[in-house]
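Remarks on the structure that follows.
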Amino acid sequence: MTFDIVTIFPAMIEPQLAGGILGRAASAGVVDVKIHDLRNFTVDRHRVVDDMPYGGGPGMVLKPEPMFRALDAIEADRGKPLTVVLTSPQGTRFTQIEARRLSHCRGVVLLCGRYEGFDERIRERVDEELSIGDYVLSGGELAAMVVLDAVARLVPGVVGDEQSVVHDSFTRGLLDFPQYTRPPEIDALRVPDVLLSGNHAEIRRWRKRQAVMRTWARRPDLLAEANLDEEEQEILRELEAQQSKA
Ligand code: JD8
């Protein structure tokens with residue numbers, strides 16, 4: 001799978017690609033990620049990428065010409081089909097569902113904005129406008145890196161252990177159960193006995209129960225969409241029965 005990221009701050013994104021799981025996947029040729037400096041697609045002496053908004057108002061807007069030239073170059077380089085993604089606070093919410101959908105694309109182009117945003121005509125060349133959450137960032141680079149990381153790790157071969165991807169909490173719709181490692185006791189804080197018991201059926205039940213309890217307590221909104229098995233549904237019914245008594 002290919003990723004192309006268009007930005008005026010390539011140096012913000014480069015370290016993300018060098019290290020970690022994504023860096024390894026790129027070296028192995030499983031994904032091909034290219035960063036494009038938007039200023040390289042200007043033709044004026046001062047390499048200007050922004051201009052004043054028509055109608056007035058504060059701040060500057062990204063000019064359409066450099067972005068159009070960048071997209072032309074990427075299309076020529078990669079060939080179609082490419083899915084062009086723009087990140088902005090006006091986008092539809094980026095969730096694991098969108099990540100999974102994008103992971104089936106052959107090529108994804110991520111356009112990073114800055115300033116007050118994009119000349120509206122740039123959206124004519126965009127397939128999807130996504131927002132990573134309800135808070136204000138100063139530009140699209142961090143959002144693009146979030147999308148890149150979440151999508152790339154779903155591409156087969158990027159994460160070593162495919163099982164860990166399948167069992168991801170948001171894939172199942174439940175939060176993770178608590179995890180412990182050695183030592184069995186520190187500062188009088190003990191690892192739950194069941195995890196030291198070696199009874200794998202008990203451990204499995206305890207983990208399920210913990211995952212359902214946590215989700216119920218912290219993210220009840222997730223339970224509406226969760227794909228619960230018979231045992232998990234039973235645990236949930238118990239919790240609800242306890243609650244209605246209290
Ligand atoms: C892209 C510029 C700056 C700041 C005008 C649009 C996503 N969840 C999210 N929050 N913020 C962004 C985001 C912000 C961006 C750009 C994404 C390009 N800005 C803002 C103030 C008002 N602009 C985002 N995804």
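Since the model is a prediction, treat every value here as computed from it, not as a measurement. Numbering of ligands and ligand atoms starts at 1, following listing order.
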Would you tabulate the side-chain donor-acceptor contacts of residues 48-63 under 3.5 Å, counting partners in other chains and residues two or more places apart, or write 'none'?
none

Donor-acceptor contacts, no H, no angles, side chain residues 8-24, under 3.5 Å, sequence neighbours left out:
from  : atom 1 : to     : atom 2 : distance (Å)
Gln16 : NE2    : Met145 : O      : 3.4

Quiz prompt | Sidechain-backbone polar pair: Arg209 side chain, Ile235 backbone, donor-acceptor under 3.5 Å | solution =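 No; zero donor-acceptor contacts below 3.5 Å.
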Practice problem: Might you list the protein residues in contact with ligand 1, defined as having a heavy atom under 4.0 Å from one of its atoms, sorted by chain and number? | Solution: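 Within the 4.0 Å shell of ligand 1, which is judged on heavy atoms, sit Thr87, Ser88, Pro89, Gly113, Arg114, Tyr115, Glu116, Leu130, Ser131, Ile132, Gly133, Tyr135, Val136, Leu137, Ser138, Gly139, Gly140, Ala143.
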Self-check item: Worked verdict on Val85 versus Asp127 for side-chain contact (heavy atoms from CB on, under 4.5 Å)
Solution: CA-CA 6 Å; Val85 174; Asp127 299 298; over 6 Å; no
Quiz prompt | SB check Arg172 Asp229 (cutoff 4.0 Å) | solution =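 Result for this pair is no, no salt bridge flagged.
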Review item, side-chain donor-acceptor pairs of residues 28-38, under 3.5 Å, at least two apart:
from  : atom 1 : to    : atom 2 : distance (Å)
Asp32 : OD2    : Arg78 : NH1    : 2.8
Lys34 : NZ     : Asp77 : OD2    : 2.8
His36 : NE2    : Asp4  : OD1    : 2.7
Asp37 : OD1    : Arg39 : N      : 2.9

